[in-house]
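What's counted below: heavy atoms across the whole structure, side chains too, no hydrogens, waters or symmetry copies. Just follow the structure's listing: the first ligand is 1, and inside any ligand the first atom is 1. Source: prediction; values computed, not measured.
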Amino acid sequence: MIPHRETFWSLGDERYFVYVFMALMSIVIAFGLYQSLRLWRLGQPEDRFDHLLQRFGTLLKYGLAQRRVVQDPLGGAIHMLIFWGFLILMFGTANDSTEYWVHKLSGFAYLQGPLYLGFSLLVDIGGFMLIAGVLLALYRRSVVRPPKLRNLPDDAYSLGMLFLLGVTGFLVEGPRIAIDELRQHPDWAIWSPGGYGVALLMQGLDEGMLRGVYLWSWFGHVALAFFFLAYVLYSKMSHLLWAPLNIFFRSFEPKGALRPIADFENAESFGVAQIQQFTWKQLLDVEACTNCGRCQEQCPAWNSGKALSPRNVIQQLREYLHTYGPGIERGDGQQKLPDMVHEVITDDVLWACTTCRACMEVCPVYIEHIPAIVEMRRSLVMMESAVPESAMQALRSIETRGHPWRGTQYGRTDWMRGLKIPTVAENPGAEYLFWVGCTSALVDRGQPIARSLARILQTAGVSFAVLGEEETCTGDPARRIGNEYLFQMQAQRVVETFNQYGVKKVVTNCPHCFSTIKNEYPQLGGSYDVIHHSELINDLIRQGRVKLAGAVNKTITYHDSCYLGRHNEIYDEPRAIVKALPMARAVEMERSREKGFCCGAGGGRMFMDEDPDKRVNLVRVDEAIRTGAEIVATACPFCIQMFDDGIKNRGVEEKMRALDLAELVAESMIQPATGGAGRSSP
Ligand code: SF4
Ligand code: SF4
């Protein structure tokens with residue numbers, strides 16, 4: 001006899017309850033969808049319907065294959081077990097129903113023979129996966145207890161229902177197998193190992209009792225399944241729907257780029273102070289959050305004891321949207337609204353962000369924290385002038401003197417005295433414009449980096465020139481602090497200067513300037529071939545145009561600048577330079593590359609006062625000290641200052657130094673003038 005089974009087995013008209021449950025569930029789901037759509041319609045327009053092919057690709061990679069979820073080994077394994085177990089069971093149920101109706105209407109039963117046996121095995125594997133995933137999740141939440149996880153009643157309800165779904169599924173199978181297959185076709189029964197096990201336990205019961213157990217476990221299983229599906233949209237399980245949707249609508253803009261304010265002349269307000277000023281996509285972001293806490297776990301602000309947790313920001317916005325969104329949508333003028341910015345998302349939370357992108361890089365559902373935080377900063381800065389005094393001074397300095405370093409006595413060209421570096425006005429045909437940046441030109445600790453890079457370029461015979469007195473701030477700190485108007489003024493000025501000199505290629509040692517010119521200037525019509533000094537130096541070493549001979553007999557740990565690494569995915573070139581240094585020994589810190597920990601200076605925080613007890617740079621310096629390295633190599637003039645400060649604070653100046661890659665290479669390279677090796681060891 002060909003292996004098969006009858007759908008609904010011994011059920012009579014009770015089977016039609018499925019359709020009653022389904023109708024009820026559909027009504028509840030339709031209502032939930034309608035509510036969510038109404039809330040998102042509060043948001044401002046935003047075009048996320050471009051790059052359709054890439055969107056589907058991302059959905060497969062990060063929605064189905066869950067490439068980011070599995071980066072957390074235990075959490076990822078649990079999620080995969082539950083997700084795929086649940087999907088297999090859904091597929092099994094849908095297939096059963098389809099087979100039932102195809103058979104009923106056409107007399108053709110396709111689920112027979114090996115296909116039926118394989119299908120039975122697959123569905124039981126799905127059930128085991130679901131149960132195992134839930135048990136592991138309970139273990140993780142009650143025994144392992146990672147600090148990033150919050151145990152809420154919703155988690156208990158969801159896990160409880162999923163567990164019961166798995167168990168009752170096997171309970172439904174057991175009596176049928178005990179009566180039919182165990183007696184007549186035991187070779188079929190083993191293809192449903194879960195149901196087979198239950199059947200073995202029940203085989204002593206009489207047939208009437210077995211049929212009773214089947215009927216009630218079937219009712220329980222079906223009612224629970226439809227209740228769970230209806231519950232999904234009203235619980236944290238809604239991420240089953242919203243997470244894939246959010247992944248589909250992810251941003252395809254360059255990682256480091258913030259959205260410009262398009263029309264300053266006609267805009268009535270700037271930034272976001274009210275929930276409906278976010279775009280529909282930003283409202284979808286807050287719905288899609290799974291509360292997994294991965295962003296908080298990586299956040300340097302949170303890890304240094306500050307008030308900011310990116311998870312809390314998203315969750316608080318979600319609660320605000322759900323609580324007050326319906327009233328706003330109805331135009332309810334009586335509704336008392338707390339200030340979203342100030343009362344719910346407080347000022348200290350917003351100013352703590354270094355825009356390091358650790359949260360966005362790790363978020364499994366592609367939530368975009370930085371744009372939301374900067375939009376709220378824009379409202380503080382441009383609508384209320386509610387800016388910390390230290391940040392305000394930096395903004396004023398950019399406005400009046402073209403750089404954020406209040407108090408510097410240096411001029412733009414002091415750093416290059418005696419180096420015979422031409423300006424673009426003097427050498428308009430130079431291949432590269434060397435963009436020095438405010439920090440390398442105007443700050444004591446930055447100037448040796450600029451000088452080292454200039455020496456490397458000269459040694460390698462690279463044709464380059466600088467803007468000299470015509471260089472000004474790119475506007476990066478102004479944009480991250482939230483003064484978009486000032487950013488655009490500065491950026492337009494730079495683009496005009498570049499275009500006036502016909503600049504095509506730009507090299508800079510500052511990752512912040514690099515990211516802004518490369519990723520954000522195209523928004524203002526300035527597109528250039530921008531290269532970071534770590535990329536260019538690495539190329540020059542590989543081409544043999546820079547030869548290293550001076551021994552750097554030290555242990556070196558390389559610190560990833562957030563704006564070079566996460567924002568621009570440059571991880572390998574700096575490490576290749578460290579590797580090329582003769583006799584240098586490279587060690588990695590606990591957190592590196594995509595998971596590298598911020599130095600604390602991004603997002604304008606370089607220019608803001610820091611609570612001495614909550615300093616991000618100290619957390620990072622401690623990590624560097626733990627490696628035993630004698631040199632922390634960086635590729636950013638901000639990072640260098642943060643490390644110098646941290647090394648001093650920890651009293652390890654005798655054991656550890658912070659040096660830019662350009663300084664290390666300049667010290668080690670062979671100088672063409674003498675033809676000899678630069679033997680001094682850093
Ligand atoms: S960008 Fe960095 S500092 Fe800001 S919330 Fe995200 S992880 Fe925290
Ligand atoms: S924002 Fe992303 S990473 Fe953070 S808790 Fe929500 S889903 Fe997790």
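Protein atoms of type N, O or S found under 2.8 Å from atom 8 (Fe) of ligand 1 total 1.
Geometric assessment of Arg593 against the ring of Tyr558 yields a negative cation-pi assignment under the 6.0 Å and 45° thresholds. Seen from the ring of Phe597, Arg620 does not count as a face-on cation partner, given the 6.0 Å and 45° thresholds.
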- Task: In sequence, state the C-alpha distance, the side-chain angles, and the governing distance for Leu130 and Ile82, and then conclude on side chain to side chain contact (heavy atoms under 4.5 Å, CB included).
- Result: CA-CA 5 Å; Leu130 184 66; Ile82 294 179; 4.0 Å; yes
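Note on residues 384-395: pairs passing salt bridge (Lys or Arg N to Asp or Glu O under 4.0 Å), not counting sequence neighbours, are Glu389-Arg396.
If you number the atoms of ligand 2 from 1 as listed, the ones under 4.0 Å from a heavy atom of Asn291 come out as 5 (S), 6 (Fe). Close contacts between ligand 2 and Pro364 involve ligand atoms 3 (S) [criterion: under 4.0 Å to a heavy atom]. Close contacts of ligand 2 with Cys289, meaning ligand atoms under 4.0 Å from a residue heavy atom, involve 1 (S), 5 (S), 6 (Fe), 7 (S). Interface of Gly293 with ligand 2, defined as ligand atoms under 4.0 Å from a residue heavy atom, comprises 5 (S), 8 (Fe). The atoms of ligand 1 that sit less than 4.0 Å from any heavy atom of Ile370 are 1 (S). Ligand 2 places these atoms under 4.0 Å from at least one heavy atom of Thr290: 6 (Fe), 7 (S), 8 (Fe).
Without hydrogens or angle criteria, Gln282 side chain to Thr279 main chain gives a donor-acceptor distance under 3.5 Å.
Between Arg480 and Asp476 there is a salt bridge, since a side-chain N of the basic residue sits under 4.0 Å from a carboxylate O of the acidic one.
Evaluated for a ring pair (Phe, Tyr, Trp, His ring centres under 6.0 Å) with His532, the options Tyr571, Phe514, Trp435 yield exactly one hit, Phe514. Of the candidates Phe248, Phe249, Phe252, Phe249 is the only one forming a ring pair (Phe, Tyr, Trp, His ring centres under 6.0 Å) with Phe49.
Between Phe163 and Val134, the shortest heavy-atom distance links the atoms CB-CG1, 3.7 Å.
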